[in-house]
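Remember, it's a predicted structure, so these values are computed and weren't measured experimentally. For the single chain, residues carry numbers from 1 onward in sequence order.
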Amino acid sequence: VVGMWIIAFYLLGTVAGKEVCYPRLGCFTDDPPWSGVPGRLLTGLPDSPEHMNISFTLYTRETGNNSQVISAINSSTIQNSHFSSRRKTSFIIHGFGSTGKKGWVVEMCLLLLEVENINCIAVDWHEGAKGTYVSAVNNIRVIGAEVAYFIKTLQKIFRYSPREIHLIGHSLGAHTAGEAGRRIQGIRRITGLDPAGPYFEGTPPEVRLDPSDADFVDIIHSNAAHFPAIGLGMYNTTGHLDFYPNGGSVMPGCTDFIPEMKQNATIIGGCHHSRSHEFYFESILHPTGYLGYPCETYKSFEAGDCFPCSQEGCPMMGHYADRFPAKLKRVNQKYFLNTAADPPFATWRQKVFIKLSGVKKMRGDINLVFHDTEGNTKEYEIASGVLSQDQVYTKYLDVEINPQNTKKIEFLWNKTIFTLLWARLGAETVNITHGEDGHSSVFMSLEIIFIHVLKLKFYSCSPKEGNSACYC
């Protein structure tokens with residue numbers, strides 16, 4: 001029942017009139033495809049820009065942690081600000097029930113300025129985003145038109161090219177960016193952070209974010225509505241590169257859900273939906289930690305069918321996705337990856353191949369422990385149960401330690417209490433393959449005699465030792 005009320009709050013609204021017109025922005029109708037089409041049967045008309053109190057706030061390296069409110073209506077505010085036509089410009093656009101005056105939008109601008117000398121503009125439309133979900137869906141048409149008008153003003157004042165502009169939008173903000181891109185041709189890049197699903201999934205391209213809205217469109221799906229999950233984001237591809245971290249619907253580390261909405265179904269929200277902008281934020285600081293693998297399904301990715309990257313390479317999800325050489329090869333390219341449950345979320349996928357030697361059979365589990373240069377460790381289980389001589393064990397690991405910062409890799413065998421004290425176990429071959437380039441580190445002829453019943457170290461070797469043998 002609670003779940004039904006949440007869905008009702010998101011989706012219910014009232015149908016307004018047939019057309020409304022606003023100065024500078026033009027007219028808006030509720031004719032198809034804006035209503036009366038599959039997936040968009042209930043909608044109305046947008047509020048006025050004055051009612052929504054839309055604002056554009058500029059952050060630059062000159063403003064520091066402060067900011068300057070600028071306006072396309074009063075263009076002198078732009079000319080008298082620290083906006084520079086010699087720099088690229090990013091617009092950050094929030095979604096339903098959010099704001100651009102504080103929180104993740106401002107934090108994103110400030111972090112971008114640490115790594116790039118740009119103009120960062122936070123778009124705030126919280127007055128238009130705080131009513132019913134349906135009213136906010138309607139309002140993004142006006143917000144998108146306002147962003148487009150702002151870009152036209154930059155063109156007029158500075159002869160500023162749209163190819164210097166990057167629009168970053170979360171949820172409804174992603175489709176807002178799409179509306180701006182529909183009105184202004186030639187925008188360099190649009191990044192959709194878990195584009196909103198209700199009233200957009202399965203609708204015509206004019207209504208939602210689409211690859212035609214910019215020269216390059218990249219998407220992060222973190223709360224996709226894909227059975228059995230009933231999420232707030234889109235599941236279908238809607239960009240040139242579509243990334244599905246952890247399958248794109250349910251994010252590790254998030255616990256906000258309402259079970260039993262339907263049989264075997266789950267409503268996912270807040271935390272999962274927000275992970276998309278959190279992933280993007282962390283990707284700015286960890287350029288190599290979000291490698292996406294081309295796969296048709298998450299199941300295939302989990303099985304290792306898409307590992308390692310092909311000769312073409314793989315793109316990085318997030319801020320550096322535009323560095324992928326084949327990003328415009330075609331539209332609707334799907335990429336999968338796994339993330340960690342906690343910030344910075346970055347992982348590096350590795351394939352571990354182990355061939356054992358020693359006693360024919362024994363019980364226990366074998367683990368790898370990764371050590372980095374700062375003293376951090378992460379332990380991963382490779383196999384558990386009955387371990388057999390000459391058996392080959394393969395495991396795909398999403399390691400939370402950057403291979404470039406890995407100091408050593410430790411091999412552990414956890415013996416069960418029933419294992420004989422004099423049992424011997426060795427590893428004939430240990431091969432670790434890195435996903436980005438298929439490079440392998442090989443360790444051979446590894447052996448140990450165990451003198452403790454419960455838990456003992458197998459051996460530790462530095463990856464830098466290459467193929468040289470290690471012994472304990």
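Using the six-membered ring where Trp is involved, Tyr280 and His319 have ring planes that are perpendicular, over 60° apart on the 30 and 60° scheme. Relative orientation of the His240 and Phe216 rings is tilted, given thresholds of 30° and 60° on the angle between their planes. Ring geometry, Trp125 versus His94: the interplanar angle falls under 30°, so the pair is classed parallel (tilted spans 30 to 60°). Aromatic ring pairs are classed by plane angle as parallel below 30°, tilted from 30° to 60° and perpendicular above 60°; the pair Tyr244 and Phe336 is parallel.
In this structure, a donor-acceptor pair under 3.5 Å is absent between the side chains of Thr237 and Asp242. One side chain, Tyr298 or Asn338, offers a donor N or O that lies under 3.5 Å from an acceptor on the other. Residues Tyr393 and Gln391 have side chains that never bring a donor and an acceptor to within less than 3.5 angstrom of each other. Side-chain contact check for Asn119 and Thr89: at least one donor-acceptor pair (N or O, by modelled atom type) lies under 3.5 Å. No hydrogens or angles considered: nothing links the side chains of Asn405 and Thr373 as a donor-acceptor pair under 3.5 Å.
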### Query
Ser249 and His272: side chain to side chain donor-acceptor pair (under 3.5 Å), yes or no, with the steps?
CA-CA 7 Å; Ser249 293; His272 307 267; over 6 Å; no
### Task
Evaluate the criterion ring-ring contact (aromatic ring centres under 6.0 Å, His included) for residue pair Tyr160 and Phe83; output intermediate values, then yes/no.
CA-CA 11 Å; Tyr160 197 73; Phe83 180 90; 5.5 Å; yes
### Task
Show your reasoning for whether side chain to side chain contact (heavy atoms under 4.5 Å, CB included) applies to Ile284 and Leu112.
CA-CA 7 Å; Ile284 299 170; Leu112 285 172; 3.6 Å; yes
#### Entry: Test salt bridge (Lys or Arg N to Asp or Glu O under 4.0 Å) applied to Glu206 and Arg40, step by step
CA-CA 13 Å; Glu206 305 96 292; Arg40 204 176 175 91; over 6 Å; no
### Task
Step by step, work out the side chain to side chain contact (heavy atoms under 4.5 Å, CB included) result for Tyr133 and Leu172.
CA-CA 10 Å; Tyr133 177 74; Leu172 288 180; 3.8 Å; yes
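For Lys395, the NZ atom sits in a packed shell: over 12 heavy atoms of surrounding residues, nucleotides or ligands are nearer than 6.0 Å. For Glu312, the CD atom is densely surrounded, since the number of other residues' heavy atoms within 6.0 Å is greater than 12.
For Ile165 against Ile187, the heavy-atom pair with the smallest separation is O-CG2, 3.6 Å.
Ring centers of Phe279 and Phe243: at least 6.0 Å apart, outside the cut-off.
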